[in-house]
Each structure stands twice: as C-alpha cells, then as structure tokens.
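Scroll down for the structure; my scribbles are underneath it.
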Amino acid sequence: MAAVQDGPMELDTEKETKPEILSDGTSKLSGNAASGTLSSSPLTAGGAPKQEDQQTLIAVLQFLRRNKLSESVEILRREAGLEDQEDSQTLDGSGGGKGDRDGGEANSLLSRVSITSAAAPQSTLTPITVKRANEQLDVSVVLSAYSQQGDPSLYQVYYSGLKNFIESVLDCHRAELSQLFYPLFVHMYLELVYNNHENEAKAFFEKFGGDQECYYQDDLRVLCGLTKKEHLKGNEVLLDFRTSRFVLRISRDSYQLLKRHLQERHNNQIWNIIQEHLYIDIFDGMPRSKSQIDSMSGSFAGEARREVNKVKVFHGLLKEPEIEVPLDDEEDEAENEEGKPKKKKTKKDSMGSKSKKQDPNAPQQNRIPLPELKDSDKLDKIMYMKESTKRIRLGPENLPSICFYSFLNAYQGLTAVDFTDDSSLLAGGFADSTVRIWSVTPKKLRKVKSAGELNLIDKESDDVLERIMDEKTASESKILCGHSGPVYSVSFSPDRNYLLSSSEDGTVRLWSLQTFTCLVGYKGHNYPVWDTHFSPFGYYFVSGGHDRVARLWATDHYQPLRIFAGHLADVTCTRFHPNSNYVATGSTDRTIRLWDVLNGNCVRIFTGHKGPVHSLAFSPNGKFLASGSTDGRVLLWDIGHGLMIGELKGHTDTIYALKFSRDGEILASGSMDNTVRLWDSTKAFDDVETDDFTAATGHIHLPDNSQELLLGTYHSKSTPVTHLHFTRRNLLLAAGGYSSQ
Amino acid sequence: HQSSTGREERRFAEVPRESIKLMAESTGVELSEEVAALLAEDVCYRLREATQNSSQFMRHAKRRKLSVEDFNRALRWSNTETVCGYGAQDALPFRPLKEGELFFVEDREINLVELALATNIPKGCAETMVRVHVSYLDGKGNLEPQGTVPTAVQSLSEDLLKYYQQITRAILGEDPHLMKVALIDLQSNSKIAALLPYFVYVISGVKSVSHDLDQLNRLLHMVKSLVQNPYLYLGSYVRSLVSSVMYCILEPLAASINPLNDHWTLRDYAALLLSHIFWTHGDLVSGLYHQILLSLQKVLSDPVRPLCSHYGAVVGLHALGWKAVERVLYPHLPAYWANLQAVLDDYSVSNAQVKADGHKVYGAILVAVERLLKMKALSLTLAAEGSSAGLPGTTTGAVGFRENSPGLSPPPEPLSEPPLGIASHLQAGGAGCQWEEWTPVSLPAMYCELYSFFGDSLAVRFSTDPPLGGAPPPGPCQPLEGRKEPASSAPNLENTRKMPQLTASMNISPRQDGSPRMEPQPPSLAATVPGRSLSRSSSSSSVSRSRSSSSRPGRSTSQSRDIFPKSRFPLPQAGPPAFSFIIGGRQMGRRCLGRRFQTSFTPTPPLTTLPPRAYAHKLPVIGRVSKPVRRWTCSHYSLHLPL
C-alpha cells in the first residue's frame, strides 16, 4: 500500500491523473471524518484531453523515487516516454510489481493493444491504472482557500447587490447570469461556515436559500444541515464541490456585463469566488434562453465544458464476424440444434455480406482486443440471425406485446433482474443477498456432474455435452448464495455461461451457470457496488459503486484493468457501448460520463438530469444513449455530437429500466410508478435538427414533444418495473417484484 | 437513538439539549450547558447525514420505503455502530403520550414461552416464484381485452365452472327462453375467456348430434354468440369453430335422410355464420381461408357426395364472397353441370327426392352466380372510377351484415362479402396455393358461359332483381345498386365496347336455337382448360358450340348502360310476359318455399310449354308453379333495369 502517503503535493489538481483510492478498509480516520476512508482527489476528468504536462510527470517521478517505488518509476517513465525507450515490447510481462495494486495486469489482454498499435501516439498509455497520483490532498489544504475572507456581515450585502444587478439587466442576459446564483450562494455559505460564522451563515441561508432553482433542492437540504466547520471536513459531497470548479456556460456579452459590474463596484469578494471556484466557459454568439439553460443544468458541478465533448468517439458498430450459416433447408434440424451443438455445418453461406462495409464511425476492429469466437458462440450467432429474420418490425403502428414477469413472495426484496440475450434464463438479485436463476423455457437447469462422475463418461461419444449434465439436479430455478449484502445488480454473460452479481458487500461475483457455483469474487470497490454489466462480447465487464469510480475488469483478472474516476458522487449505473470500446456511467452527481476503454479517458460528460441517474441504454446502432433518473425523465443523447437531443417526460417516479427494441425503433422505459412506457425513438431522433451551429455550441433547443412521442403507457397493478428486455423477435419482457401494499 | 427513526424532512427534527443531558446523566456523565448544546447540534447533523446516505440504499434496493436496514447500512459504512432491535418488517407504530409531548415506539413484551408453545403455526413464507402475465397489444398499442392470459396459467375458478354448466345446460336444454338468455349472455360476457376452450369443445360435438337438427342449430347459435362476443380473443380456436361450422355446411347429416327435416336452412345458417366468422375474425389464422376454399372445392368436385353436400359447398362459397365463387364455383361449373343435369333429367319417380335436392343445388348456384356477376360488374365499374369511391365493398358488406344478423336464416346473399382483406388475400395468396390454374375471365365471357347453363333464368334475375332486392333478400343489394347507377352511367370504355355485343346477340337469342351461344370464349380459357370444355361439350350435347358472327367482339353501340342482356326481354320481339312469369316462379322455389313446392312436383314433360331452347337446359321447374306467387307481380313491373 505504497500510496498511502499524506503530505502536500505540488501537483496541479487538474492534471489528468487518476485518484487514489485507499483500499485500506481498516484505516479509520477520526470520528468526525468517519466516512473519510473514501478519500480521493476527484479530478475533473474534463481536462483529460489536455496534453500531459511534462512538469507534472517529473514531479510525480520525483515523488515516486523519494518513496523508493522504483518499479512504478520505471513504468511511468516508460509510458510517458520520458526516456527514449521506444521498445514497447518490454512492456509485456514487465508489470506485476509487488504491492502495485493496479499494476498486475501488465500482461493483460489490453496490453496487447500497445504492441499492435505501437505507432499510434496514444500507444504508450497501456495499463493506464498503473499511473498513479500518489498525492493525498489534505482536507485542510482544500479548505484553506476559504480562510482569509472579508467581513461576514457583508456577505448578504454582496449577494443581494449582485442579485439586484442581475435582475435589472436585459432579459436576454438575465437568464444566463442567473446561473451564477447557485454556485455563488453555495460557496459564500461554505465560506461563512468555514470561518465559523455560524449565525451569519444561517441568516444567509435563510434569506437566499429560497431563491435557488428547484432542482437544487436536494443539495440545499444537505447544505442547510451543515453549520460547523468540523462537519465540513467530513462531508465529501461538499468537499467535491469545493475542489471541482463549477462550470458555467455564458455568452461573451453577458460575461462582459458581469465583469464590468463587479469591477465598477469593486466587489472583490464575489469576483474572487468567481475566479477561484467557478469555471466560466465563454462562448461567442447569442445568449441562451432560460429553457436552454435549464435543460442542461442541474448537475452537481454545473455543465460540462464544451471542449470535453469534442473528442472523437467511434460510436459505430464493429463488423460482424463472418459466419458460415447453414441454409434454410436445414431449418428443422437447426430448430433443435440447441440440444446438440455438435451439428456439422455442411452448407455455406456468408451472412456477413450486409456488414461488409466498414462504418466510418466504427473503431478499428482490434482497437480493444476481443475474445475470439468459440464454436458455441458461432452457433449462437446463427440462432440469433435465424431469430432476427422472424423479428417483428416495430413502429408507432406496431407496438410490441409485453410479457410481464412478476416476482411473487419476494419478501426478501427484489433488487435486480436480468435476462439472457436469448431470453431463456432469468436472474433475480435479492436484498437477502441471494441470487436466483429461473429457466423461462421448459428446459430445466442442470448442473454438471461432479468430477468423479465425469471420469466415468465416455468422452468420445457424440452427446458428451448432454452426458456431463446431472439429470438429478434438474430444476426450474437455482439459488446462488455467497454475497453478504443485498445484491444490487446481476448481469448474464452473452454466452450464458456466467453470471455477474454485485452487492453491498463491496464485491462483484462471477458465477458459473454450468455448476451454479461462485468462481471469482472481484474485490476492489470496498464499498457497495451498485451496478455491473458484461461487455456485449463477454470477457470484460464494468462495475460502479459507492466509491465514485467505475472499474473495468476482465473475467480472468482479479484486479481491474481500468479505473474510471471523475464522478463526484456514487456511480449508480454502468453500461457497455455495443462496440465494447466505451463505457457509459450514470451517477448520483446527476451526470453521465462516457469513458474510452482503450485509454481510460472520459470522452463525454452529459449534464441535464435533475436527479441521480439510475438507468442507461445504448441504441442498437451505437449512436444514441438514453438515460433515466429519479426525476422521472428520460433524456436522449447524441454520442457523436455530444448533444442532448430529447427529453421524454411522463413517468412520475424513478426510472429503473430502459431498453431499445432490437431495431431501435421503440424505447421502452420502466419505472417505480408501476408503468411501462413506450416511446417513438425513431421520431425522437429524427425530429432533432443538428445544424452546424448547434453542433458547435451544443445549445440545442429541445422540442417539447413528449406527448407525441409517447406511444403507450401500460400499468401493472402493483409491481414496479425493474428490468426490461426485448427478445430477439422484439417481444418486450418486463420484470419486477410484486409489492402488496 | 430513539429519535433516529423519525425521518428528517423539510422541517428538521432537533434533538433538544435536555435530551442530551438526560442521556448523559443516565450513563453518569455530567455535561455543561454549552457542551450539551454543541452535542445536540452535532447529533442532529450526524443523524441527518446518515438519513441522507441511507436513502441511497433504499433507492438501489428499488423500494419507496426507507427501512431500518437502510439506515443501519448507512451507519455501518460510515463506521458507526448500528441500531439494533428495529429490524421488524412491519411498520412500527409511533405513539404519542397524552401527558407531555412525548412520542415513542411501542415495544411490547413478548412472552417467548407462549410463542414457542403456541399451536398456531405461523404462516410460512411461500417460495419466491415468477409469474408471467402477457399483455397483447394490437397494432395501435391498445391492450387486447381478456382471453389473452395463457390458459396454462389461468385456472378455472369455481364460479366459472358453474357458469359453464349453466350456460351449456340452458343452450342445449328444452327451454327456448332460457336458451335465448344464455346466448345473449354468452355474447356479451367479458369474463369468460378462460371458458373458451371448453365451449369450443362443446361445439365440436356437432359430429355426435348430426341426427338432431335442433341441437345442431343450438350449437351454431352458440358459435355465433362466441364469435360476436367483443371481449373474446378467439385466436387459434377459430380453426376449431370453423371446422364445426363446416361440418354443418358440408356433411350429409343424418338428419337429412328424412326429407321432412329442413336441413337446408341449417346449412344456410351455417354458411352465414362462416362468412360472419371471416368477416370478424378472418385474419386470426393465416391460411384458413384457403383451406376452406380447398375443402369446399373438394366437395364440389366429388360426384359421389350427396347433393346436399354440394348444396352446402355452393352456399358456403357464396357466403365467402363473390371472389370465392369466381375462383372455385365458376371454374367447376362445367364439370359439375353434367352431374346435376343428369339428376334433373331423370324423371323417374324413384328419383323424385334426389331431383328435388338437385333443384335446391341449382337454385343455390344460380343465386351465387348472379351475385358473382353483379359484384364483378360493380368492381369493374369501381375500378374504372378509380379508388375515389373508397372501399364500398367493405362498407356495404358491413351494412349488409348488420342488417341481417338478427334474421339470419334464409338469405346468405347479403352478407356474403368477406372483408376486402380476405379477398385480396385470396388473390395474393393464389400463387402459393395449389389451385387449379386460374386466369381471370372477363365479365362478358363469364356471363356468356353462365348463360349457356342457365339461359334466361339467369338473365331474368338481373332484370327482376331490384324489386326483389327490396322484398325477400333485404340487404346490401339496395345500396349496391344505388352506387352502381352513377358508376355505370359514366362511360366505361371496356363496357361500352363489349357489352353491346351481348345485347346484340341476345336480341336474336330467345328464339333462335343454338346460334346465340355467343360464347366469346376467351382464348386463355380455351387454351388452358381444354379438358373442361371437353367435358362440358360432352355433357351438354345440346349446346351448340357454333358462334354466330354477330357475337364477335368489336361491335360497339352507344348504349353504355347495358352491361347485361336483361333489357332485351321486355322488347316486343321477345315478348312473352309468360316467360318471365316462369322464371319468377322458379326463383321463388329456390328457398324454403320451394321445398314444399318441389315435393309436389310431378314429372310431366315440360318441353311443350317451354320455348324450345336447347341452351336453357330444359329448366324443369319452369312452369310447374301451381299457383302464381305473390311477389312475382312486382318483378313483372320492374323490368326497367337500373343496372
């Protein structure tokens, strides 16, 4: 645990480094900072695209050297290319440093990337997580910025002066400048609290707390309880608020207006706060309207900076592997091929013809090393193609029938559900820390025989795969026990051999669906893991939790390959992009981030939700993202342009499930309000005009057409919808636990 | 921590410093006022923070209610001791105390001994299970009503079972009033989806009661009620229902051995029902329509079958719409005609009964063919008009059906147009089906051929139809006719070119033997079906194949309205009103009335009274009318031909 080193570091907090997560669960801080073990220096990953500063690197190197972390020094130096060490081959196997928590995966699958694409400028970034920022910022350092401030009694005067000014400016500027209210209010309040002006702080809050936008209510509620300096130290949420700069987007005209005003009045107090704690993203052009601002704001740290969303994202789909498909005259045989996967393929027909053309937006096929297809995977692909020929074409005129799986007697509390892609299995995670698996088809679940019995089997026989199954264990459902806390999410692997579950106990577990036993427990989060999700190609998976980071894992590595840090609060949901090159995470800080699996960079930040994001769904073509939050709204995002393109209002409670139909024509959303709603996603995507201007500025004007897009609302009697799934033929499956109240 | 269960909301709960002091004292610590105040505030803050953190656990557990567990988790993750003893699932009642502002959670003492020895075993927690409910949406996104629950999941409740027994008893019982009530309920009850398979099973019992016309009738009524019930989703049960109905239409029922049994009406009714099923549920089972057409065709082409089966086939085809008639009956007519002719020509006494049946078939074919011609003419004019008229076929069909459903028994005519969807389906699916090769026959050619079978009895149907349409078969003929009027008046190139040719030849026809065969025989027909024409020529040897040159197409007159030769009859040259009398009488005899009439039929040679026309096939019925029929008069006056 080399990294547990306190002491001020002269490191720019904005540089592109990953925060250190103290994995030492036993390290108890003082009673006040009870939850302080989760100390991190949350860095705005917004600065990610910035070229790394040589100076910073050198500082890090010095630090490492001082602490005798020679191996880390080596690695870092090599990766940063500080030495003329072109030979990246040596990377292979060079990792695995002792005590190097994150460095163990040097020979992982991902490291091959760097070898294959050594010429690429990014190639030196191999196991990104190796790079560590070992600085542990002292709380006092962070807070010290608040120390030397002026007369507390004048704060109200300053604030109301600014308020009067903003209310008196022209309408077009007022909306923009009003954005200042909330961050200023919070910072001024915190300053007062920090400087022990408790009564002034209370009065200040009393007077101006009511003026803030309604979507900040949750934060204000936290804020108003906080009146002591000691409390401030223990509150990570507000620490984050302090350390990260609140981002505002203001047009140049409005900004000039504000600047002039503050300088005329010599209102240094406010000017200082703006300089130090706010980041004002100035743009040229028309000031935005109130509705435009409102649609984008609401996040914990303001809007995303524009340049953050400028990185190119390869959102296209990967080329389908060419698979020899048996012709249709064998259909009858193919129908029962599931039982005997040994079927030989005599006729050949390449089905990949339609995807021959490479999507210009698609990433390179080997950008991320993907597992090779096994024979069984190919068979499954063939099944998939067969099924998709029978798929129903959905649309506003042709809605899917809905099949609702209600969990009865789930007195343990149903917390998570997942279906396999072929809709044959159903898994449920429960609050009593069990995972249960049901077979939805008449085919029962069977375990593989024990080792001793397996020895007796004739391994040459044709039906060996059938013989290894223990008929005595056949049952409709199986229970998986192993977690020691509520299971918050479950996810099937695409090949149906594995199941992942994440739990409050801080682990992600991998279960075998052949033996129905636990194979691996992935430890790393140390705090409740809220969500986990398998890559669409298997092998990789992502998890996110209370520790505010998302981690990328490979099933055969017990350490994460990547750590995606940047969210200011819990990562509540994680999803893989259909091409497996990106990971989307939703958070309690009311933002959604898109991360590049290759280099761990944050490539998109989407703001606009007014509550914690609890569900995400990529459109099947990979171009769009839908997200649902506790405020009952679904937002639609264009990944390529980094824009919000739609808002679907209708739900009255948290949206826990989102899913696009197989062709992407329909978006289904399921919520705590016991409804499933179907939306016309085609229309939603088509209605958006994305001219160059909106693409450049990101100032989209959202059409208010939720009612037109809503195709149907379907109520369950008393069952919140926890999961949605479209079968390969586009039948909609929904699941939830029946609650009798 | 007692107060910790109180939820902090907008107005925050405060822990007074007195409470702090009290607690401190209870553990033997003396606190100064100042310390107590600070502590109180800190406790408040900590509680609030823990509560806020715990809400996250609630949200991820996908609950609306914050539980003690959630709160404890939040405490645990912030390294604080958890609160024990409040983990009960049930809500804890929060009681106020009258004296003073004190609230507390009720904490009753539990006698463990009593609990352990209690005889009432607590209800065990049932196994967690998954239940499926399917909501079928139609195209518009509306939930399909009932009947949608998979039968495997739905169990039959006691009430439903009782209902089922009562209903079946009432319907199959003796009391007609009871039956009526039961049928009405069956038609409107929205909760009987689960019973559908049972009812279908009962109905499939038609085969066992084929001797009992009354029971068959009741079962058919049951079918009708089920079909009309708007809450039932018949799904694949349609197939079973249709097969029961088909049984009644086609099978030589045991009941028909006795000529006194009016099984004809039953067949008519069943055919009507068949068309009704298709009208309302036609698209539920794909390919069913074709199957039915095929089986009808099979019966029709099977000479061994009794005439009543053939009658059923004809009526059934008629009920399925004019396209079905065109596709199946019309091509088969030449072949079938020989058999029918043989029956009708046999005047032996022993054949009387069979012959009477033959007349029924004859009448049915005539009606079907008449409709075929009319509808075809209408469709042609409509096609010429363009699609501006919308879909008159469906609308009139609907109207016709509505008007007719109560009356039901005799006229299969009015409702026989199936939804357009099926008609088009028929055409579209024709390729995939093993039909005999079928090439559309032009209207005039069709008329000519049919005329060769029926002679003037066909022609007169058109001349006399409109008033008849008003009287015995009330139905869509009227609206159809009304529509047709303006349509046909519009100059139609094809019609104007071809129709007059018919009229011209008809002028000569009544008296001239053979020559007006005027069968333009489209080359396609002759080429594709040589066998058919052969068989026809052999069967009706009297039919002269010679074609008068006058019948050659190409002659056009200005009379665009005349599609059918009907207008020729009133001409002075054709003259004899007696002729049309005869036809009228024949026509009346077609239905139930005719049954009585035909039983009294005496096989006297009719030729003498008939106009000597070979192609008229010696219509034996003609002139047998013992007394003039009432309605005939009106048809006599109505020779003005609105076509």
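In the text below, chain A, chain B and the rest are named by the order of the sequence lines, each starting its count at 1.
Interface remark: of the candidates A:Ala734, A:Pro612, A:Pro720, A:Ala735, A:Pro612 forms the most heavy-atom pairs closer than 4.5 Å to chain B. Heavy-atom pairs under 4.5 Å with chain B peak, among A:Thr588, A:Thr654, A:Asp570, at A:Asp570. For the set A:Ala416, A:Pro528, A:Gly736, the count of heavy-atom pairs under 4.5 angstrom toward chain B peaks at A:Pro528.
For the residue pair B:Leu38 and A:Lys228, the shortest heavy atom distance occurs at CD2-CE, 3.4 Å.
Between B:His60 and A:His614, the two ring planes are tilted [angle within 30° to 60°].
Inter-residue side-chain proximity for B:Arg131 and A:Tyr738 is flagged as unmet; no heavy-atom pair is nearer than 4.5 Å. Annotation: side chain of B:Val130 is in contact with side chain of A:Leu426 (closest heavy-atom distance under 4.5 Å). Two residues are said to be in side-chain contact when any heavy atoms from C-beta on lie closer than 4.5 Å; A:Arg221 and B:Arg48 fail this criterion. In this structure the side chain of A:Asp653 reaches within 4.5 angstrom of the side chain of B:Arg64, judged on heavy atoms. Looking at B:Val132 and A:Phe404, their side chains never come closer than 4.5 Å, going by heavy atoms from C-beta outward.
When heavy atoms are compared at a cutoff of 4.5 Å, A:Glu504 approaches chain B by way of both its backbone and its side chain. Proximity to chain B involves both the backbone and the side chain of A:Ser406, based on heavy atoms less than 4.5 angstrom apart. Using a 4.5 Å cut-off between heavy atoms, A:Ser489 does not touch chain B at all. Heavy atoms closer than 4.5 Å to chain A are found in both the backbone and the side chain of B:Arg59. Looking at A:Val487, there are no atoms closer than 4.5 Å to chain B (heavy atoms on both sides), in backbone or side chain. A:Ser716 does not touch chain B: none of its heavy atoms, backbone or side chain, sits under 4.5 Å away.
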### Task
Please step through salt bridge (Lys or Arg N to Asp or Glu O under 4.0 Å) for the pair A:Lys202 and B:Glu41, ending with a clear verdict.
CA-CA 13 Å; A:Lys202 276 182 182 162; B:Glu41 208 168 342; 3.7 Å; yes

#### Entry: CA sep, side-chain torsions, deciding dist, call: A:Leu414, B:Lys62, side chain to side chain contact (heavy atoms under 4.5 Å, CB included)
CA-CA 8 Å; A:Leu414 179 75; B:Lys62 301 186 169 87; over 6 Å; no

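Side chains of A:His231 and B:Asp42: a donor on one and an acceptor on the other come within 3.5 Å.
Counting heavy-atom neighbours within 6.0 Å of B:Glu25 CD, excluding the residue itself, gives a total above 12.
Atom NE2 of A:His546 and atom CZ of B:Phe57 lie 6.0 Å apart (nearest 0.5 Å). Separating the CH2 atom in B:Trp77 from the CG atom in A:Asn526 is a distance of 7.5 Å, to the nearest 0.5 Å. One distance of note links CH2 of A:Trp438 with CE of B:Met129; it measures 10.0 Å at 0.5 Å rounding.
Judged purely by atom type and a 3.5 angstrom limit, B:Arg63 has no side-chain atom pairing as donor or acceptor with the backbone of A:Gly413.
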